[in-house]
Amino acid sequence: MKDLTLNRIAGPTEVPETPLPATQNVPRIWVAIHDAACERIVMAAVQAAGMRVLDLTDHAEVQAWRRRAHPAAGVIDFDLPGADRLCENLALGGSGSPGVPVLALLRNSGADELERAFAAGAADFAFQPLTDALIEHRLRFLLRAEEQRGALARSERQLATVKRIGRITYWECDAEGLLVWGDHPERVLGLPVGRLPQNLTQLIELAHAEDRRSLASALLAGEPFALDWRCKGDSGRWHTLHQHAEVVDRSLGQAVLGGTLQDVTEMRSAQGSLARLNTRDPLTGLGNRQHLLGELTHLLAGAKRSAGRLAVIRLDIQNFKRVSHSHGMSAGDEVLRQIAVRLAELGRRGPLHLDAIGSLGGGEFLAVVADLDTPEALEAHLRCLRANCMAPIHLQLLTGPAEVVLGVRLGVAFHPDDGSDPETLISNAGLAVAEARRSNPAGDAFFFRAELNQRARERVTLEADLRLAVELGDLQVNFQPKVAAGSGEVIGAEALVRWHHLAHGDVSPGRFIGLAEESGIITELGTFVLEQACRAACDWQRRWQRPLGVAVNVSVEQLRRCDFPALVERVLAQTGLPPELLELELTEGIMLVGEDSVDLMQRLATLGVKLAIDDFGTGYSSLAYLRRLPINTVKIDQSFVRGMQTAGDDQAVVEAIITLGHTLGMSVVAEGVENAAQAALLARLGCDVLQGYHFGRPMSPARWVRWLDAHLSGGAVEPASAQQRVLTSGVGPLP
Ligand code: C2E
Ligand code: MG
Ligand code: MG
């Protein structure tokens, strides 16, 4: 307790202009006492200094003093005329001054006197006769109570501010379920006071239908809980309320439930936006990988409960990068945005039911379909997804409107067949897409099912075996004859690699060249083929003393991975093959190497070797680009040769390629010639060289030598007889 200073109030003329110097920690006590003896006792009781007596009947002066002197308490003798008003004045405060606790000194202990004192706002009273000990005790009590009251008022003020700013209210509910509300529940619930719920049932009825059950069971369980529920305010707007509740009192034998209710609408919406930012793909607005993992976890839990099948579909949009390259990044982005909108619409409106849809970035999307009876039930979904991705996309470019059509590859993994956790399923669906990419590199749309990791494992084993085969020289280079279309004369052969796997038998180049490219083994493999082919061709020159050329396939990956011109130079030097007898067959993929390809091909051309474009017509070669490359030969892809007699378009393409090739000064080769009619037609159209089963299949080096022996001694290759032999031997014509 602080020491007390008793202030006798100065007279009206002495009211100071400025606040009295702060005698902090020393409370000032105002004393207004009629009786001198009594005054002495009071003075002694508080043992203070520097007091004066004020004629306290002038209330205006009292106010003025109060503002300046900050009294802590007052002692008022109720015998004093005007004591009641003075007490009111002091006790109630006003004009910006807080109330001051007043100790009323009463002459007698009658109830009327007491009534009077309390009515005037006195906080405590003391009857005559007074003792200084009593007064001192009373004053100490008064000041301590005042201190506590001040602290309480402060805390209430703070609480009110917190409640107002935090939009919180309090409620209690007795055993009958009747509610007693704290401050301003109407602000929190967004309802007029008249519609505030009076009991728990009414409170529960305010909740959104989806939240009602959880709110009711939490309230009725009698355990502490915290949950969010939605309540429709009077404006029709839904508020999100955060409800905390617990039993606050059991003293009367019945539990009294109490809790807070906070309007967290804005907070939740901000949290929602933040969460969306973290879980959305900024480009498409669809859920990102993080979001999809969450959705999948949830859907898988459901699928496991119902023992249902679930499909994870990865959609790899092809060629959208080409749109970015040719029309700018924003056009590529726009393409992905439009596809995202389509997929989202499909999921929302049907006809498909997609349980989740999201973006994995880089032109890949992911969809989830739950509750499938059989894997086959997914087929309609896949077809529909494919059709939607491949429908033309309209773009507004700076140069005007444009339309692009994209391809899509779909990879699917099923729960439980291919995995049962989100990461595994997404990754297995990714393996399926990669497999689709490998199996059908040029395909527009391709579906693939991840047959677990079986295939991936097989690939790893195959890759290891291939590496060994290359190291041990277990591969063989076969040769397929190339014939001059006009004279029927053998002009050389194409070298085609063969791999006889001990366990798998013959593995087709279509299967292992891709593997070799991905793993990098293509460099050693390509070197092996080049050396074998050049060495063999050198032998042919020596043996038959005529220029028999050899064509070697070169993968773009090989060009990327090693200094290919240096390799060719070395092999030519080592084998002694005249450079003009070596032709390198490149695919149109060479265009994708970019500007470097011009350089590279120039260096090869400088060596004196010939350059051919293989499988021409299947890729995206542009004429302008071809003109810049030192190409000697164009090989028409066998698909056009095959379709020549049936599809009018294919014959037109073949004619166009022949014309184009000749215009650019190139020799034109047709591959995949399987019958005499094709050979005759190609010769008539002006094609220079023919190659295909009609003349001879790819043959082992030994068989090829025998074949050459027979044909070179006999002159030109007889197509008809050759075909006869192909049909009977099945492997290749033997003389
Ligand atoms: P390519 O260079 O276009 O070779 C022609 C392919 O067509 C060969 O398949 C050949 O056996 C086949 N073929 C030839 N005549 C006919 C015919 O009349 N009818 C049909 N249906 N097919 C015919 P192969 O040997 O399976 O090779 C496939 C592809 O693998 C080659 O296509 C080439 O791109 C690649 N390849 C083969 N050997 C090598 C190599 O040593 N290095 C590289 N990088 N790629 C190679
Ligand atoms: Mg070839
Ligand atoms: Mg080819």
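The basis for the numbers below is simple: all heavy atoms, side chains too, and nothing from hydrogens, waters or symmetry mates. Position 1 is the first residue of the sequence; numbering continues from there. Read the numbers this way: they start at 1 and go in the same order the structure lists the ligands and their atoms.
From the protein, the heavy atom lying nearest to atom 31 (C) of ligand 1 is Leu496 CD2, 4.3 Å. The nearest heavy-atom contact from the protein to atom 45 (N) of ligand 1 is Asn553 CB, 3.5 Å. Regarding atom 22 (N) of ligand 1, its nearest protein heavy-atom neighbour is Gln638 OE1, 3.2 Å. Protein heavy atom closest to atom 16 (C) of ligand 1, with residue, atom name and distance, is Tyr693 CE2, 3.2 Å.
No part of Gln691 comes within 4.0 Å of ligand 1, judged by heavy-atom distances. The side chain of Asp615, and not its backbone, has at least one atom closer than 4.0 Å to an atom of ligand 1 (non-hydrogen atoms only; side chain from C-beta on). The side chain of Val529, and not its backbone, has at least one atom closer than 4.0 Å to an atom of ligand 1 (non-hydrogen atoms only; side chain from C-beta on). Looking at Gln480 against ligand 1, only its side chain comes within 4.0 Å, counting heavy atoms. Contacts between Ile513 and ligand 1, counted as non-hydrogen atom pairs separated by less than 4.0 Å, involve the side chain only. Contact annotation: for Ser555 versus ligand 1, heavy atoms closer than 4.0 Å belong to both the backbone and the side chain. Only the backbone of Val673 comes within contact range of ligand 1, with a heavy atom under 4.0 Å; no side-chain atom does.
Partners of Phe365 by ring pair (Phe, Tyr, Trp, His ring centres under 6.0 Å), not counting sequence neighbours: none found.
Distance check on atom 3 (O) of ligand 1: some protein heavy atom falls below the 4.0 Å cut-off. Not a single protein heavy atom sits closer than 4.0 Å to atom 9 (O) of ligand 1.
For the pair Arg498 (side chain) and Pro698 (backbone), a donor-acceptor distance under 3.5 Å is absent. Panel note: side chain Arg314, backbone Val433; no donor-acceptor pair is recorded below 3.5 Å. Counting only distance, with no hydrogens or angles, the side chain of Gln338 and the backbone of His394 share a donor-acceptor pair below 3.5 Å. Distance alone, capped at 3.5 Å, is enough to place a donor-acceptor pair between the Gln558 side chain and the Ser555 backbone. Within the 3.5 Å criterion, the main-chain N or O of Met666 finds no donor-acceptor partner in the side chain of Asn632.
The closest side-chain heavy-atom distance from Asp316 to Leu410 is not below 4.5 Å. The side-chain heavy atoms of Pro565 and Leu600, taken from C-beta on, include a pair separated by under 4.5 Å.
When all heavy atoms of Glu671 and Ile636 are compared, the closest pair comes out as CG-O, 3.2 Å. Nearest heavy atoms, Arg342 versus Asn388: NH1-O, 2.7 Å. Smallest separation of non-hydrogen atoms from Leu475 and Phe528: O-CZ, 3.3 Å.
The ligand atoms of ligand 1 that sit less than 4.0 angstrom from a heavy atom of Asp614 are 1 (P), 2 (O), 3 (O). When each atom of ligand 1 is checked for a heavy atom of Glu671 under 4.0 Å away, the hits are 3 (O), 5 (C). Within the listing of ligand 1, atoms 17 (C), 18 (O), 19 (N), 20 (C), 21 (N) sit less than 4.0 angstrom from a heavy atom of Glu674.
The shortest N or O to N or O distance between Val497 and ligand 1 is under 3.5 Å. Ligand 1 has no N or O atom lying under 3.5 Å from any N or O atom of Arg642, backbone or side chain.
The CD1 atom of Ile657 sits 12.0 Å away from atom CD1 of Ile613, with the distance rounded to the nearest 0.5 Å.
Within the 4.0 Å heavy-atom shell around ligand 1 one finds Glu494.
Counting only protein atoms, the N, O or S atoms lying less than 2.8 Å from the Mg ion (ligand 2) are Glu494 OE2, Asn553 OD1, Glu585 OE1, Asp614 OD2, ordered by chain and residue number.
Judged by distance alone, the side chains of Asn675 and His694 never bring a donor and an acceptor atom under 3.5 Å apart. Side chain to side chain, Asn553 and Glu494 meet the donor-acceptor criterion of an N or O pair below 3.5 Å.
Ring planes of Trp499 and His501: perpendicular class, angle over 60° (limits at 30 and 60°).
Of all the listed residues (Pro698, Gly692, Gly526, Pro509), Pro509 holds the heavy atom that lies closest to atom 29 (C) of ligand 1.
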Mind running ring pair (Phe, Tyr, Trp, His ring centres under 6.0 Å) on Trp707 and Phe695 for me, showing each step along the way? CA-CA 11 Å; Trp707 189 92; Phe695 302 100; 8.9 Å; no

